Amino acid sequence: MTGSVRILNTGSLLELQRRLRAAGNENIRASMQRRVRRAAEPLRDDLQNTIRTLDIAPPPRRGRPGGPSPTTRPMRATIADAIRISVRTSAGGAGARVWVDRGRLPADLKNMPGVINTGRIRHPVFGNRRRWVQQNAAPLWWDRTVRSHTPRMEREVARILDDVRRRLS
């Protein structure tokens, strides 16, 4: 299931945020937040690219030609545009978070990122609830993409925290 991805080292981030507030240097704090966001941007971009280019195989035809799509909305592009980054420095969840903003998805697509991540998309044919088809996609598109980026992000965040510690010392 798609979920949010967090770059965490909460203890270190919280400790540094306290020290930054005590030092009163807003530039260092803003710089740290900007750099943590930049560490997560390649993941967001890769997730967006992966969903845009994901091959979703149509079911085999049974002799009848297909009709026009009932919607002009491109599903994969809509999901890609809903992938967001947020950076927090509060005690409730310090770190960067990459997530699918369901508020930016139409009502009929709110669960679709998780459904596509399973690799099996079952839906009615052109809205006809008496006739259903199954389409297949590469499973775990979200999980695999996140797994490939995690080591790089952890290294970058550790480097950012070390840089900020040095600037505060």
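Numbering starts at 1 and runs along the sequence shown. All values derive from a computational prediction rather than experimental measurement.
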*asked:* Go through it in stages, so that I can follow the logic: the residues are E41 and R37, the test is salt bridge (charged side-chain N to carboxylate O under 4.0 Å, His left out), and I'd like the CA-CA distance, side-chain angles, deciding distance and then a yes or no.
replied: CA-CA 6 Å; E41 283 174 355; R37 175 179 291 280; 5.4 Å; no
For the atom pair [atom1] ([X]) and [atom2] ([Y]), what is the distance rounded to the nearest 0.5 Å?
X    : Y    : atom1 : atom2 : value
W142 : I51  : CH2   : CD1   : 10.0 Å
R166 : L161 : CZ    : CG    : 11.0 Å
D55  : Q135 : CG    : CD    : 10.0 Å
M112 : H123 : CE    : NE2   : 8.0 Å
L47  : D45  : CG    : CG    : 9.0 Å
T78  : L105 : OG1   : CG    : 7.5 Å

Considering non-hydrogen atoms only, spot the tightest contact between [X] and [Y] and give its length.
X    : Y    : value
R104 : A82  : CB-CB, 4.1 Å
P42  : R152 : CB-NH2, 3.6 Å
I83  : V100 : CG1-CG2, 4.2 Å
D143 : L140 : OD2-CD2, 3.1 Å
P139 : T118 : CB-O, 3.7 Å
A39  : M153 : O-CG, 3.6 Å

*Are W132 and M75 linked, directly or through other ILVMFWY residues, by side chains that come within less than 4.5 angstrom of each other?*
no
_Residue pair R122 / V115, side-chain heavy-atom distance below 4.5 Å_ = no
*Minimum side-chain heavy-atom gap S31-R167 below 4.5 Å*: yes
*asked:* Checking V98 against R84 for the side chain to side chain contact (heavy atoms under 4.5 Å, CB included) test, could you report, in this order, the C-alpha distance in whole Å, the side-chain angles of both residues, the deciding distance, and whether it holds?
replied: CA-CA 6 Å; V98 179; R84 298 273 179 249; over 6 Å; no
*Can you list the steps and then say if Q48 with D46 is a side chain to side chain donor-acceptor pair (under 3.5 Å)?*
CA-CA 5 Å; Q48 288 175 334; D46 199 15; over 6 Å; no
*asked:* Go through it in stages, so that I can follow the logic: the residues are I116 and I79, the test is side chain to side chain contact (heavy atoms under 4.5 Å, CB included), and I'd like the CA-CA distance, side-chain angles, deciding distance and then a yes or no.
replied: CA-CA 11 Å; I116 294 173; I79 293 170; 3.8 Å; yes
*Between D101 and K110, is there a side-chain N and carboxylate O pair less than 4.0 Å apart?*
no
*Could D162 and R159 be called an ion pair, given the rule that one side-chain N must be under 4.0 Å from one carboxylate O?*
no
Determine yes or no for a side-chain-to-main-chain donor-acceptor pair under 3.5 angstrom, with [X] supplying the side chain and [Y] the backbone.
X    : Y    : answer
T145 : W141 : yes
R35  : E156 : no
R129 : P124 : no

*Going through the distances and angles, do R130 and V125 end up as a side chain to side chain contact (heavy atoms under 4.5 Å, CB included)?*
CA-CA 8 Å; R130 291 180 293 194; V125 177; over 6 Å; no
*Kindly indicate, with the supporting measurements, whether the criterion side chain to side chain contact (heavy atoms under 4.5 Å, CB included) is fulfilled by T50 and R144.*
CA-CA 10 Å; T50 301; R144 287 182 182 151; over 6 Å; no
